[in-house]
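These numbers were taken from a predicted model, which means no experiment stands behind them. All chains are named by letter (A, B, ...) in the order of the sequence lines, taking the proteins before the strands, and each is independently numbered beginning at 1.
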Protein chains: 2
Amino acid sequence: MGIAERKIRQKEEVKASILQAAWALVEKEGWQSLSIRKIADAIEYSSPVIYDHFANKEAILLEFTRRGFRQLNEQLVAAKDKFTNPEQQIEAIAYAYWKFAFNQKEYYQLMYGLGMPGCDAVKQIPELTSFTETVSAPIKEMIAKSNNAGADSFLKLHTFWSTLHGLVSINMMGKNNDHKDELNAMVLKDFLIGFVSGIKS
Amino acid sequence: MGIAERKIRQKEEVKASILQAAWALVEKEGWQSLSIRKIADAIEYSSPVIYDHFANKEAILLEFTRRGFRQLNEQLVAAKDKFTNPEQQIEAIAYAYWKFAFNQKEYYQLMYGLGMPGCDAVKQIPELTSFTETVSAPIKEMIAKSNNAGADSFLKLHTFWSTLHGLVSINMMGKNNDHKDELNAMVLKDFLIGFVSGIKS
DNA sequence: TATAATTTCTAACAGCGTTAGTAAAAGTAG
DNA sequence: CTACTTTTACTAACGCTGTTAGAAATTATA
C-alpha cells in the first residue's frame with residue numbers, strides 16, 4: 001500500500017512550499033518582516049499547519065542558515081577548483097566569499113548577523129564542517145610548502161575567516177561611499193597579501 | 001521664574017530613568033526581550049509617556065549605540081595613552097577593543113550586530129568619528145615612520161577595524177571551546193604581527 | 001458502513017510597538 | 001481665589017506578532 005508513501009510525499013511538498021514561500025517573502029520584504037501568518041497566507045493554509053512541519057519560526061530560519069552555508073560552500077569549492085596552486089586557491093576563495101556575501105545578502109545576514117544566533121543554534125549547523133574543510137585545505141598546503149612548518153592551520157583558518165567576515169559586515173553596515181568598491185577591492189587585496197606572506201614567513 | 005527650568009530638569013530626569021531602566025532590563029534579560037511596556041512598568045509610568053522622550057524604540061537603542069561607541073572610544077584612548085610608540089599603541093588598542101567587546105557584550109551586540117542597523121542609523125552616530133580618529137592616529141604615525149610612505153591610512157584603518165570586529169563576532173557566535181581564550185590570544189597576536197609588518201614593508 | 005486516525009481549521013492567549021482621545025494636573029491671569 | 005489655558009499622563013484601542021487548545025472536517029481502516 002503506497003498510501004503512507006504518498007502521505008509522506010505530500011507532507012514534504014507542503015514543507016517545501018513553506019520554505020519556498022518564506023524565501024520569496026524574505027527576498028521581497030527582507031527577513032525582518034517575515035511572519036508565520038504571511039507564510040501561511042502565501043501557501044493558502046492556516047498558520048498552525050506550519051507547526052506540523054517546523055517546531056517554531058526559528059527552525060525555519062535555521063533551515064535557511066544551513067542552506068546558506070551549503071550554498072556558500074559550493075561556491076567556494078567551485079572557485080577553489082579553478083586553481084591548483086594553494087595561494088591562488090585561497091585568493092579565489094576569498095573573492096568568492098565576498099561575492100556570495102553581497103550577491104546573497106539575505107542569506108549572509110541570516111547566517112551571521114541577525115541577532116547573533118545563540119551558541120546552541122550554531123551547533124546545529126553541520127554544514128559548517130564542510131565550509132571549514134574547504135578553507136583549511138589550501139591553508140594546510142601552504143603551510144606544508146612553507147619554511148614555517150610550525151604554523152597552526154586552525155589558527156590561520158580562524159584569522160582568515162574572521163577577517164573576511166569582518167570586512168563584509170563592516171561594509172554592509174557602512175556608509176555608501178562613492179569609492180566603496182575600489183576601497184573594498186584594495187582592502188581585500190591588502191589583507192590577502194599580508195595573510196599569505198604571514199604564512200610563508 | 002525658574003519654573004521652566006525645573007520642568008526641563010524633571011523631564012530629563014524621566015528620560016534618564018527610562019534609559020536606566022532600559023539598561024537594567026537589557027542586562028538582566030538581554031536586549032532581545034526589551035520592550036516599551038517593560039520599561040514603562042519599571043519606571044512606574046504608562047507606556048505612551050516614553051514617546052514624549054523618544055520618537056520610538058529604535059531611538060532608545062540608537063542612544064545606547066552612541067553611548068557604547070563613546071565608552072569604547074574612552075577605553076581605547078586610555079589604553080593608547082599608556083604608550084608613546086605607535087606599534088605599542090596599536091597593540092594596546094586592539095586588546096582594549098577585544099576586552100570591551102567581551103566585557104560589555106550587550107553594548108557590543110547592540111552597536112554592531114543585531115539586525116545590522118540600517119545604513120541610515122549609522123550616519124546618526126557622530127561618536128564613530130572619534131573612534132576613527134583614535135585608531136587612525138597611530139596608524140598614520142607608523143606609516144610616516146616606515147619605508148612604505150605611500151600606504152593608505154584609511155585602508156589600513158579599515159583592515160584593522162574589520163579584522164578585529166570579525167574576530168570578535170566569529171567568537172561570540174562560536175562554540176565554547178575549552179582552549180578558546182588561548183586560541184583568541186594567539187589569533188589576535190597573529191593578526192597584529194601581520195598587520196604591523198604589513199605597514200612597515 | 002461504522003470506527004479510528006489524521007489533518008486542518010477557528011478562536012484564543014499573551015505579548016508587541018504605537019496612536020487617538022480623554023481625564024487630571026499644573027501653570028497663568030483676572 | 002476663581003476661570004482659563006497649557007501641559008502631562010492615562011486608558012483604550014488598532015493591528016500586528018508567535019504559539020497553542022480544542023473542535024470540525026477529512027481520510028483511512030476494519
Side-chain angles (χ1 to χ4, degrees), chain A residues 1-19 21-26 28-65 110 114-115 117-118 120-121, chain B residues 1-19 21-26 28-65 110 114-115 117-118 120-121:
Chain A
M1 51 175 75
I3 293 176
E5 281 87 338
R6 193 209 58 208
K7 280 203 164 183
I8 292 177
R9 214 179 329 127
Q10 285 180 339
K11 190 152 192 172
E12 273 174 1
E13 271 169 27
V14 174
K15 183 168 183 171
S17 80
I18 289 174
L19 290 167
W23 192 247
L25 285 167
V26 168
K28 205 189 335 156
E29 311 171 12
W31 62 267
Q32 324 217 23
S33 79
L34 181 68
S35 84
I36 297 285
R37 282 172 160 92
K38 281 184 192 169
I39 298 173
D41 263 19
I43 63 172
E44 293 175 308
Y45 275 94
S46 66
S47 349
V49 171
I50 293 176
Y51 292 88
D52 294 336
H53 304 275
F54 296 93
N56 49 33
K57 189 182 177 181
E58 202 187 333
I60 298 177
L61 297 184
L62 182 66
E63 173 62 33
F64 282 125
T65 303
L110 209 62
L114 235 256
D120 310 330
Chain B
M1 46 177 76
I3 294 175
E5 279 86 337
R6 191 208 60 209
K7 279 203 164 185
I8 292 177
R9 213 180 328 126
Q10 284 181 339
K11 191 152 194 175
E12 274 174 2
E13 271 170 26
V14 174
K15 183 167 183 171
S17 81
I18 289 174
L19 289 168
W23 192 247
L25 286 166
V26 168
K28 207 191 331 156
E29 310 171 13
W31 61 268
Q32 324 218 26
S33 79
L34 180 69
S35 84
I36 297 284
R37 281 171 158 95
K38 281 183 192 167
I39 298 173
D41 262 19
I43 62 171
E44 295 176 306
Y45 275 94
S46 65
S47 349
V49 171
I50 293 175
Y51 291 89
D52 294 336
H53 303 275
F54 296 94
N56 48 36
K57 189 182 177 181
E58 202 189 332
I60 298 177
L61 298 184
L62 183 66
E63 173 63 33
F64 281 124
T65 302
L110 210 62
L114 238 254
D120 311 330

- Message: Do B:Ile60 and B:Ile39 make a side-chain contact, defined as non-hydrogen atoms from C-beta onward lying under 4.5 Å apart?
- Response: yes
- Item | Side-chain donor or acceptor of A:Lys38 paired with backbone N/O of A:Ser33 under 3.5 Å | yes
Just the atom pairs and distances: protein N or O near nucleotides 22-24 of chain D's N or O, under 3.5 Å.
none

- Task: Would you kindly give the CG-to-C1' distance between B:Asp41 and D:dC10, to the nearest whole Å?
- Result: 14 Å
- Please state how far atom CD1 in A:Ile50 lies from atom P in C:dT8, giving the value in whole angstrom units. 12 Å
- Message: Give me the atom names and distance for the closest heavy-atom approach of B:Lys57 to B:Ser35.
- Response: NZ-CA, 4.3 Å
- Task: Go along nucleotides 9-18 of chain C 5' to 3' and tag each nucleotide: B for a protein heavy atom under 4.0 Å from its base, S when only backbone or sugar atoms are that close, - otherwise.
- Result: BB-B---BBB
- Message: If I take atom CD in residue B:Gln32 and atom C1' in nucleotide D:dG18, what distance separates them, rounded to the nearest angstrom?
- Response: 15 Å
- Heavy-atom side-chain contact between A:Ile36 and A:Tyr51 under 4.5 Å: yes
- Calculate the interatomic distance between A:Ile39 atom CD1 and D:dC16 atom P; express it in whole Å. 16 Å
- Task: Please check if the side chain of B:Lys15 supplies one atom and the backbone of B:Asp52 the other of a donor-acceptor pair under 3.5 Å.
- Result: no
- Query: When the distance from CD of A:Glu12 to P of C:dT7 is rounded to whole Å, what number comes out?
  - Reply: 13 Å
- Check the surroundings of atom CD in B:Glu44: do more than 12 heavy atoms from other residues, nucleotides or ligands lie under 6.0 Å from it? no
- Closest non-hydrogen atoms of A:Ala40 and A:Ile50, given as atom of the first, atom of the second and distance, are N-CD1, 3.8 Å
- Item | Flag side-chain contact, heavy atom, 4.5 Å: A:Phe64 against A:Leu19 | yes
- Query: Between A:Phe54 (CZ) and D:dT20 (C1'), how many Å, whole number?
  - Reply: 19 Å
- Query: Atom CD of A:Glu13 and atom P of C:dT7: how far apart are they, to the nearest Å?
  - Reply: 14 Å
